Every structure is written in C-alpha cells, then in structure tokens.
Amino acid sequence: MRILFLIAAIVGVFLIVRILLRSPANKQGPEATGRIKQQGSMVRCAHCGVHVPHLNAYRAGERVYCSRDHALEDARSRDDG
Ligand SMILES: [Zn+2]
C-alpha cells in the first residue's frame, strides 16, 4: 500500500509542476504572435507617410501607397519635379 501512495504522490507533483510551467508563457506566446502574423506587416505610404496594413496598401511599381489617390498624386508630382 505504501508504494501505491508514493507513486500517486509523485504523479501528482509531476502534474502540478507541469501545469505551473505551462500556464504563464506558453499559453499566450504562439497565439499572440500568430495574431500579429495574420494581420500582416505594416507598410509606409510613399506619399503621406501613413502606415497601412500590407494587405490594404496600394501598389504602383516598387512604391506603396495608402490609397489610389496618393499613388496618382505622387506620380503626378514626380512628373512635375
Ligand atoms: Zn498616403
């Protein structure tokens, strides 16, 4: 009977230690970084400098803009100057 009690105690301590080690960091870590990755990186508008999500950005050649208007305005101002 003593050995059974000892084994139960060891298993219990092992489970408690495992739960304590898991809960603080591992629960938040992968979830939080996953959310940031899903949103995508931010890119800077070449015209006004506003940061917009990568997916919402408007592209014209190598340049990136927050909107189509800024892409057109920037193209126009570069033609002038
Ligand atoms: Zn802009």
Side-chain angles (χ1 to χ4, degrees):
M1 273 313 271
R2 249 198 200 167
I3 278 189
L4 282 179
F5 182 76
L6 197 69
I7 289 170
I10 289 168
V11 169
V13 168
F14 178 75
L15 287 176
I16 289 168
V17 168
R18 230 175 83 171
I19 288 166
L20 286 176
L21 286 177
R22 259 194 185 180
S23 48
N26 288 6
K27 256 190 184 175
Q28 284 184 342
E31 228 179 90
T33 50
R35 230 176 269 153
I36 291 166
K37 271 183 189 168
Q38 269 184 357
Q39 282 178 353
S41 54
M42 302 290 277
V43 291
R44 190 172 172 275
C45 175
H47 185 70
C48 68
V50 152
H51 284 80
V52 289
H54 174 78
L55 290 172
N56 294 351
Y58 187 85
R59 278 162 206 290
E62 285 180 12
R63 288 169 166 249
V64 184
Y65 302 92
C66 64
S67 64
R68 189 169 172 270
D69 288 344
H70 279 183
L72 293 173
E73 269 181 51
D74 196 54
R76 225 176 284 148
S77 65
R78 276 193 294 156
D79 282 347
D80 292 343

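Throughout, numbering of the chain's residues begins at 1 and tracks the sequence. Whatever order the structure lists them in is the order used to number ligands and atoms, beginning at 1. These numbers were taken from a predicted model, which means no experiment stands behind them.
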**Item:** Nearest atoms (heavy-atom pairs only) where C45 meets C66
**Value:** SG-N, 3.4 Å
**Approximate separation, where rounding is to 0.5 Å, of I7 CD1 and R2 CZ** = 14.0 Å
**Asked** When rounded to the nearest 0.5 angstrom, what is the spacing between NE2 in H51 and CE in M42?
**Response** 7.0 Å
**Request:** Return the number of protein N, O or S atoms with a distance to the Zn ion (ligand 1) smaller than 2.8 Å.
**Result:** 4
**Prompt:** salt bridge (Lys or Arg N to Asp or Glu O under 4.0 Å) with R44: which residues, sequence neighbours excluded?
**Reply:** none
**Request:** For residues D74 and H47, report the shortest heavy-atom separation together with the two atoms involved.
**Result:** OD1-ND1, 3.5 Å
**Request:** Assess whether atom CG of L15 is packed by more than 12 heavy atoms of other residues, nucleotides or ligands within 6.0 Å.
**Result:** yes
